[in-house]
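Below: one structure, written as structure tokens.
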Amino acid sequence: MKLRLTHLFAGLATCLASVTAQAQEPKFEFRLGGVSQLSVRNALLASDASSSNGSTGGVDLGLRWKQFGFAVRAHGGTFDDSGPAGGSIGDLAFADAMLLMGPRVTALHLGYGLRGSSSVLGASSFSFARAGLTSAIEIGGTGISAVFSGGLLVPSFGETEATGFELETSLIWAPRRFPVFAQFGYRHEQFNLVSGDFERPEETGSVVLSGGLRLSR
Amino acid sequence: MLQTLRRFIVVIAALPLVGTPAQAQRSPIVDVMLRARTALNDFRFAEADSLSTLVLTAFDRQLNRQQRIEALSIAAAARFPDAVEGAVQRRESALEALRQLVRLDPEIRLREDLSWSGLDVLLDEARASTFVPRAAHVAQSSLPSGQVQNVVTGTSTLPARWTWRLTPDSGAAPVLQDSSGPALTATVPLRFTLGEEASSIRDGSYRLLVTARNVSARTDSATWAYRVIVSAPVLERVPVPAALDPATLLPEVAPRARTRGVVAGLIAGAVTIAGTSAIRASSDLSSAVSVDSRSVMVGVLIALGAGTAGFLDKGQALPENAAANLQARTQRTNEIQAAIAENRRRNESYRATVTVEAIP
């Protein structure tokens, strides 16, 4: 599966390079908005698969200057667990921070993430490091950009080792005349969590909606 | 009494001409003139006429202007004396002498000791019937471009037809040929311009002929010849840069992004749909739980959105190119204006020198 993803990113980068030859990038960009995710979370625990729906909300902060950038996203929400717990309610919290290096059209991102959950089964959390590529392609002068982001998730600190992948695609509309932006997309992340003898694969797919203030020059 | 006074004045006036006996011997003109004036004073008009005529005929080439005027005045006075006893008035003969005087000086007045009212009337008649054209020239003038300089001014006692012709010494066709009148005055204008106007004189040497012709007597005319030297060196102008070639400007609007929109939309849609299926946690989980089907819908919407945006795109503005173009245009405009201003300054300070010399 890693090989297929590698091929996917390589092909993606080639296509992006071919269609972004004349991209004009702002030198400075600041973005602050609210983010809402409508998520479906699947997990396998002790051979029992569970699927839960939930929604999260939070803030999305981005700052970019020339070839460098910084992004933070933090949000949390509630999931109804339809798995073994039988419809119990669980809380989830997400936090991601990323450094961006390179032009907007193809930038390397390195970051750190935290995930935490609590339910009737107890509370748990894990962290991970992340590395990948982020690309934003402006579609002419419409103010609309197609954004691709994919990365590897590798274990970080803590007892639980989290490995996996993430993939996010979206359209961002940022009109030039108004300092606002709106985003619509889809985010998919997959983890394999190992803690001692305990192993739990899980995946989360989210429809992403966000919007807010955007300043650029 | 009047005659006595006149005689006294004649003697006083003749003193400079008489000088010492030795000087009188060296100047027969003065001697004859003195005798003519004495004869006139003694009412020996025939003798005075003969002596003055002798001076005018025998010493024609030696006479200076003042002596000629003096001789003609005595002749006129002797031929048309005041009505005294025994005096014979020869009106036409006197009129001829007076006409010669007028030709020498159109404004001439007879000396009081020679004149009387009848002779003054005759002088006025001679003045009115004598064609005396004159021409005066400006020896040197400095002409800015576009300015006209009257290099020769002609005056005449009778209406005249004035013509002039400026011919290059190289033998080329006349560059100026014009006429005016009938009029008592006329001017010959020379115009100099730095441009290529046909009416403009150029650097070089010319011959100017000015002719005044009495309109009432076609055969009565006078011609003056001048050498005209125009010194008009070539003015070194600053080359004016050409207007900026639009082909050298940068595009200010990027090409429409139809292809980019379609490609980006297809990629984004495909990645959304395929990536979700490809990135599954494990075979156990993927077999137990189906993939989130909303990814397909979102992928399609992203693809449609990007593609539509590409089709609606009118081209991305390229402000850096626009700024660079503006700077290039401004710089070129400034260069052009500076060159034009410098050339204008040089034009305004330029002077052509026109030298006019009378040819005897």
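Chain A is the first sequence line, chain B the second, and so forth, proteins listed ahead of strands; every chain is numbered from 1.
- Heavy-atom minimum distance, B:A306 versus A:L171: N-CD1, 3.8 Å.
- Of the two parts of A:S39, only the backbone, made up of N, CA, C and O, holds a non-hydrogen atom closer than 4.5 Å to a non-hydrogen atom of chain B.
- When all heavy atoms are compared, the tightest approach of B:A268 to A:F148 is CA-CE2, 3.1 Å.
- No part of B:T308 comes within reach of chain A, as not one of its non-hydrogen atoms sits under 4.5 angstrom from that chain.
- Within the 4.5 Å cutoff, the side chain of A:H188 has no heavy atoms near those of the B:D292 side chain.
- At a heavy-atom separation below 4.5 angstrom, chain B is approached by A:G205, A:S206, A:V207 within residues 204-212 of chain A.
- Other residues, nucleotides and ligands place no more than 12 heavy atoms under 6.0 Å from the CD atom of A:E159.
- Here the shortest heavy-atom pairing between B:I302 and A:G185 reads CD1-CA, 4.1 Å.
- More than 12 heavy-atom neighbours from other residues, nucleotides or ligands sit within 6.0 angstrom of CZ on B:R329.
- Shown here for A:S50 and B:V289, the closest heavy-atom pair between the two residues is O-CG2, 4.4 Å.
- You'll find the side chain of A:E203 stays beyond 4.5 Å of the side chain of B:I279, heavy atoms only.
- Residues satisfying the salt bridge (Lys or Arg N to Asp or Glu O under 4.0 Å) criterion with B:E335, sequence neighbours excluded, are B:R332.
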Enumerate, atom names and distances included, each donor-acceptor pair closer than 3.5 Å involving a side-chain atom of residues 170-180 of chain B, sequence neighbours excluded.
| residue | atom | partner | partner atom | Å |
| --- | --- | --- | --- | --- |
| B:S179 | OG | B:R161 | NH2 | 3.2 |

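- Between B:T276 and A:L167, the closest side-chain pair of non-hydrogen atoms is not below 4.5 Å.
- A donor-acceptor pair under 3.5 Å is absent between the side-chain atoms of B:R294 and the main chain of A:Y186, judged by distance alone.
- Ranked by heavy-atom pairs under 4.5 Å with chain A, the first of B:A257, B:G305, B:S295 is B:S295.
- Residue B:L285 comes nearest to A:N42 through the heavy atom pair CD2-O, 3.9 Å, listed as atom of the first residue, atom of the second, then distance.
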Side-chain donor-acceptor pairs of residues 139-146 of chain A under 3.5 Å, sequence neighbours excluded:
| residue | atom | partner | partner atom | Å |
| --- | --- | --- | --- | --- |
| A:T142 | OG1 | A:I139 | O | 2.7 |
| A:T142 | OG1 | A:I144 | N | 3.2 |

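- Enclosure of atom CZ in B:R346 by more than 12 non-hydrogen atoms of other residues, nucleotides or ligands within 6.0 angstrom is indicated.
- Comparing A:R187, A:E189, A:E168, A:E202 by how many heavy-atom pairs each has under 4.5 Å with chain B, the most go to A:E202.
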